[in-house]
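Labels below follow one simple rule: chain letters A, B, ... track the order of the sequence lines, proteins then strands, and each chain is numbered from 1. These values consider heavy atoms only, across backbone and side chains, with no hydrogens, waters or symmetry-generated copies.
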Amino acid sequence: MTEPLAPQYDPKTVEAPLYRWWQDRHLFTPRGDRSPYVIMMPPPNVTAQLHMGHGLNLSVQDVMIRFERMRGRDALWMPGTDHAGIATQNVVEKLLAKEGKTRFDLGREAFIQRVEAFVAETGSTILEQIRSLGASCDWEHTYYTLSPELSAAVREVFVSLYEKGLIYRGKYIINWCPRCLTALSNEEAEKEEVDGQIWRLRYPLADGSGQIIVATTRPETMLGDTAVAVHPDDERYAGLVGKMIRLPVVDRLVPIVADAAVDPAFGTGAVKLTPAHDPLDFEIASRHGLPAIDVMTPDARINEAGPERFQGLDRFDARKRVVAEFEAAGLLDKVEPHRHAVGHCYRCDTVVEPRLSDQWFVKMAPLAKPALEAYRDGTLNFVPERRGTEYALWMENIRDWCISRQIWWGHRIPVWYCDNGSCGAMTASRVDLTSCPSCGGAVRQDEDVLDTWFSSQLVPFTSLGWPDDDGSLSRFYPGHALVTAPEILFFWVARMIMSGLEFKGQVPFTTIYLHGTVRDTQHRKMSKSLGNGIDPLDVVEQYGADALRFTVIAGLAVGTDVILDPDDLESSFSTGRNFANKLWNVGRFILSNLDGEVRPIGSSAANAVIRDELSVADRWILARAEATIREATDGYERLRLNDAANAVYRFLWNDLADWYLEAIKPRLYGDQPGGDVARAVAVRVFDQALRLLHPVMPFITETLWQRLPGRTDGESLMVAAWPVPDPADADSVALSEFGAAQDVITAIRSIRAEYQVPPGQTVRAALTRCGPVVTAAFQSLGPMMHRLAKASEITLAGEDAGNGAAAAHAVLTDGSSVTVPLGDLVDTAKECARLGQEAARLTQAIVTLEQKLGNEQFVSRAPAAVVQKEREKLASWQDQRAVLDDKRTRLGCPS
RNA sequence: GGGCGGUUAGCUCAGUUGGUUAGAGCGCUACGUUGACAUCGUAGAGGUCACAAGUUCGAAUCUUGUACCGCCCACCA
C-alpha cells in the first residue's frame, strides 16, 4: 500500500475489493466480548431490486451501526429477506400469464415449486446489491422469513396465540382484493380520496303508501340489500319502521328497521342495508337478525344471488345497469358528486370490495395494551417525536387483525379440520397432523396462508433462533434501533413491538427512527410506474457509494423527505463525489509530504511534539478538530446525521484544506522551521477527521486511514477507536487570533479582486487602529498573512498610517482598518461609492441599535448581559464607521 | 370530517431554550493552470424569513387567523 495515489479518486478500484477485505476479516460480525448494539434490517422483499428508498434506509442504518461499532459496541446489523406473500405470488402469476396459464392450472404444489425456483434464481440479487452500498451488515447471520427455522417459529407463535384465545376464526366483513383474490388487513387496504358520486334512490313501500329515499355510493350493492334502516328518534320515519319495502330491480320485500347507528343528519337519514358488503350494515343487520346476501364472486362479478340478467357482470358495469334501471323506472331521485375515501389494494391498487368472509383474526386489544404503555412510559423513543403520537393513536383504536390470505405463497395456517362429520374438531398444531387428535379420523389442513407481516413481525427474535437460544437470543435481544420509512409503521414496527412484548416480555428496540421518503423535484414519491426513480447502482457506478451516502445523509434532516432530481444525477451527487475527491487530495498532500517518522503529540516525551512547539496555526487546527469531534459525535448520538456529516465536511474542506494546509506549506517545504511539528499536527487532525467521517464515507476513509503512518498491517478503521475530544486542544485564544488573520487576509483579497490586481502582483497593506486580537494575529501569523494575501509588505501602523488618497480600504468587525495603497489602480469615485455603501449600511444598523439602547424599556427589562453585549456591538460599529468616515474624508468623497 | 407537519437565496435545506448586519451546498457572475485537488482556488451578486393581526423592550423563532403543499387517521351510507 505504498504506491503513489492518483490525482483523482476512483471509487471503482477501491470499493469492491475493500468490501471483500472487510468481509474476509469478519469485521461485520460481532466479536462477542463487548456490550451489544443491534439494528434489525427491514427485510426487503425477496424478489425486490434495490431502489433509492433502500439506498436511503441502508445508508442511515450503516452510519448508525458503524458509529456504534467504532464506539466499542458489539454491533450487530442483521440482514434478511421477506418472502412477501402477495407481492411475490403476483410476480410469478404474471410470468405464468405470459405462458397463458394461471396458478390453478398448475395446482398448489407445482405453483409453490415454481415460486421457489423463481426466488432461488432472483432471491439473492437484492442482498448482493446491498453490499455495493458498503452496508456493514452481518452476512454470517441472515434470515429469510420462509426458512424452515423461521417457519417453525411462526407455527409456535400461531399455536401459542391460538391456545391463549388470541387467534380466532370468524365470519366478518373484510377487505377483499378482487384481483389478488384474497382478504387483506385494514392496513393493506389503503384509503385514497376519490371523486365519486352519490346516488339517491327511491325505494317504494310494499303497500304502495309511499317511498323512502336512500343514498349510496355503491348502487350495485342494492342487489344484496336486506333492509332499510333509520334512526329510532327520527320523526320523519317514525311511522314507517316495521313496514316493508319492495326492492326495485330484485323485486324483494325487505323491512324498515330502526337503529341508533344511523346518522339522521346525513343524506335522507335512511340507509339501505347490505350486510354482506358493508361493515356498518353488517353490524346493524346482526343486531336485527337480518340475513346477509353476498352478491359477488371472488373477482367481483355479480353471482347467482343477483338477478339472472346481472350475473357475470363486473361490479362497475352492474352499478351502471342498476342506476339505469332505477332511472328507467323513475326511481332515481338525483345524483351528486361526492368525494370520499375508497380502499385500494396496497399491492395492485385495485378498489377493495368489503365482503363477508370466513377468516382468521388476531385479537389485538390485549397485545396493544403493553405496547401503548411502552410508549407512554417513555420506553419507546420515536425520531421524529411526532411519529409517536401516530403510533399511540393507532394503538388506542386498534382493530383485530385479519391474518388469513387466500393465496398459496406463504406460511400455511397450521390448523387441521376433522373430516369426520360427527367430530368436526379444529386443531391448531405445531407439527403436521395426519389424523384427528380427537377421533383419529382423516384431517385436512386449512387452505389459507398467513399474512406476510405475521412472520416479519417476529424477526427481532425469530432471526436469533427463537424459540431456541444458542446464546445469540439472550445476547442480542432486545436490540436497540429500528430504522425505516414511516409507511410501514403499522404494518411492521408496531406489530414487532407487540409480538416482542408478548413473546419476549421486552420491546425489541427502543429507538425508532422513521426517515423520510425519497422524492423527485416535484415531490412525487419515486416509483417504477412513474419512471422517476433513481437506480442506486447507477449512482454507485458513476459517483461511488461514498458519494451516494454522503449526499443522502448530508441532505437528510430529521423527519424530512429527501429530494433528488432523477434527470440530473450530477447536481444531486456531485457534492459527494467532489468531497470524496477533495478528501483524497488532502490525504495525498499530507502523505506525500511525510518523510520518515512522524512524531506523536504528547506532553513531554523526548521525541514527541510538545505544546510549547505548536504555532498558533497548529493550535488553531487542533482546536477546530476538537470542536468538530464534539459536534460530530453529538450529531451522531442525536441521530442528526446531517449535522454530523456537515460538521466534518466543513472541518476538512474549509478549515483543514483551505487554511491549515495552506498555512503550513512553507514549513513542509523547509522554507520555515517546524515542519515536523506541522506534519504531526496534520496527521493527527486528519486521522481524527477520517474516523469521524468513516460512518458516512467508509470506503475512502478506510483507504486513506490505512496509509497514515504508524498503522500496522491489517489494522482497520472500521473497528478503530472513536475520537475523544482532548481538552488540551481547545484553545479559544488560537481560535480568535487565527480568525483575525483570516479576516485580514480576506479583506486584502477582497480589495485585490475589486480592483482586479493581477494575481501575480504583490500589494502592500497597512493595518491601523488595530484591536488587541488583530495585533496579536499580526505578530504571530504575519508571514502567513503576507503569503496568503500576496502582500510584499504588511505594516502595523499607528493612527496615521500613510493611507493617502490612492488607497483602498476595508474595516474589520472590531474596527481594525486595512489599507491597501494601489496607486493608479484606485478609482477614487469607485472607492468612495464602495465605502459609502458600507458606511450607509453601518449607519442604518447603528441607528437601529441606538434606538434600542435608548429605549428605557429595553435597558431595564432585557437581561444585563444582553444589554452589555449590545453596547459593545454599538461601540464596535461606531468605531468601524469612524474609520470609514475618516477614509472617505481623506479621499475627498462627497458626503 | 378529525389530528399533525411544512412554507427562509433560482434549487435543496440549516437556523437547538425569542436578542446575528439571517447561513450552507448546488447553481449564477468575475478573475485565476500558485509545486494536493479545475471533481480546484479567490472574490462577488442574490432573501421585506408565505400572508395578516397579536404578545414582547425585542419575533424567522411565541399566539391566533388566512392561503398553499404534504402526512396520518376516519363504518356520514
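- Between A:K852 and A:E850 no salt bridge is recorded (no basic side-chain N to carboxylate O distance below 4.0 Å).
- Every residue meeting the side-chain contact (heavy atoms from CB on, under 4.5 Å) condition with A:Q868, not counting sequence neighbours, appears here in chain and number order: A:E872.
- The side-chain contact (heavy atoms from CB on, under 4.5 Å) check on A:R287 picks up A:D259, A:A261, A:E283, A:I284, with sequence neighbours excluded.
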Report all interatomic pairs (protein N or O, nucleotide N or O of nucleotides 43-50 of chain B) with separations under 3.5 Å.
unit_1	atom_1	unit_2	atom_2	d
B:A43	O3'	A:S750	OG	3.1
B:G44	OP1	A:S750	OG	2.9

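- Residues of residues 585-594 of chain A that place a heavy atom closer than 4.0 Å to RNA chain B, in numerical order, are A:N585, A:V586, A:R588, A:F589.
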Would you list the protein and nucleotides 10-16 of chain B atom pairs, both N or O, that sit under 3.5 Å from each other?
unit_1	atom_1	unit_2	atom_2	d
B:G15	OP1	A:R640	NH2	2.5

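- By the salt bridge (Lys or Arg N to Asp or Glu O under 4.0 Å) test, A:E396 pairs with A:R376, sequence neighbours left out.
- For RNA chain B, the stems formed by at least three consecutive Watson-Crick or G-U pairs, with both atom-pair distances below 3.5 Å, span B:1-7 with B:67-73, B:10-13 with B:23-26, B:28-32 with B:40-44, B:50-54 with B:62-66.
- Under the side-chain contact (heavy atoms from CB on, under 4.5 Å) criterion, A:R650 pairs with A:E631, A:N646, A:A647, A:N654, not counting sequence neighbours.
- With sequence neighbours left out, A:A741 forms a side-chain contact (heavy atoms from CB on, under 4.5 Å) with A:A777, A:L781, A:M784, A:M785.
- For A:Y636, the ring pair (Phe, Tyr, Trp, His ring centres under 6.0 Å) partners two or more places apart in sequence, or in a different chain, are A:F67, A:W722.
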Atom pairs under 3.5 Å, N or O on each side, protein against nucleotides 27-29 of chain B: can you list them with distances?
none

Give every pair of a protein N or O atom and an N or O atom of nucleotides 71-74 of chain B that lie under 3.5 Å apart, one pair per line with the distance.
unit_1	atom_1	unit_2	atom_2	d
B:A74	OP1	A:R399	NH2	2.8
B:A74	N6	A:E193	OE2	3.4

